[in-house]
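See structure below.
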Amino acid sequence: MLKTVPLAHLPFSQACENNKQPILSLLMQWFAQSNHVLEVGSGTGQHCVHFAAHLDHLHWQPSDQLTYLANLQARLAHFPLCNLADPVALDVSQSWPQFTTQVDAIYSANTLHIMSKPLVEAFFAGCGQVLATPGCVAVYGAFNYAGQYTSASNQQFDDWLKQQNPHSGIRDIEWITSLAKQHDLHLQQDVAMPANNRMLYFTR
Ligand SMILES: C[S@@+](CC[C@H](N)C(=O)[O-])C[C@H]1O[C@@H](n2cnc3c(N)ncnc32)[C@H](O)[C@@H]1O
């Protein structure tokens, strides 16, 4: 890949810079026995370059919707890592790509509150289809408990999300857990993270 776009011109998330180290600390434990990770909704790519660089036992497969791929590829061109694959197009509502090696871990950050509820259902259905057994799923983001916000800032964030798209919104952990269970994914850990976020870890 060619470094055609300077890093400074690419989309950048300060939140990713802030949360990548706390997330990595958990992935070091949760993905210790994993081999092939599929990331859903890689966004700017800041997470995948950091995690692939620090988890060199993993083969990391980034993905996102087609419209995000050019910028994602452009960032990855600056970080040539032998365990970081070229990103693939993956829209959770479409057929998921076929992988030559079976995926045994799935990671997704800040996606379930962006996706509509049918897309969140499609996310777990897709995980159910592509993930090996044994396998695991780690999701990061803001979540509610029984419809209750865990902080005033999350309530403001939810209002903001719904202004951008009325189908977006912070999801209840109870709903996420029951969806996951339908695909034989069982919640093992629910960890508090900085800035009122959480990391959920499911295994099958
Ligand atoms: C807020 S960004 C998070 C990006 C990155 N994971 C992060 O933590 O910064 C939400 C991501 O969800 C992805 N997304 C939204 N709808 C999707 C869908 N239907 N299929 C796959 N990804 C989707 C977007 O393309 C975007 O990359």
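In what follows, every heavy atom counts, from backbone to side chain, and hydrogens, waters and symmetry copies are set aside. When a ligand or atom number is given, it counts from 1 through the structure's own listing order.
- For atom 1 (C) of ligand 1, the nearest non-hydrogen atom of the protein is Asn110 O, 3.4 Å.
- Between Phe31 and Phe51, the distance separating the two ring centers is not shorter than 6.0 angstrom.
- Note on ligand 1: Ser93 sits outside its first shell, no heavy atom being nearer than 4.0 Å.
- Nearest protein neighbour of atom 4 (C) of ligand 1, counting heavy atoms only, is Gly41 O, 3.5 Å.
- For ligand 1, the polar-atom distance check against Met115 finds no nitrogen or oxygen pair separated by under 3.5 Å.
- The option with the heavy atom closest to atom 21 (C) of ligand 1, from among Leu90, Asn197, Thr44, is Leu90.
- Both the backbone and the side chain of Val92 come within 4.0 Å of ligand 1, counting heavy atoms alone.
- Summary of contacts: the protein heavy atom closest to atom 11 (C) of ligand 1 is Thr111 CG2, 3.8 Å.
- Looking at His47 against ligand 1, only its side chain comes within 4.0 Å, counting heavy atoms.
- For atom 22 (N) of ligand 1, the nearest non-hydrogen atom from the set Lys20, His113, Gln65 belongs to Gln65.
- The distance from ligand 1 to the heavy atoms of Asp64 drops below 4.0 Å at these ligand atoms: 13 (C), 22 (N), 24 (C), 25 (O), 26 (C), 27 (O).
- Taking any N or O of Asp91, backbone or side chain, at least one lies under 3.5 Å from an N or O belonging to ligand 1.
- For ligand 1, the polar-atom distance check finds no N/O of Cys16 at less than 3.5 Å from any of the ligand's N/O atoms.
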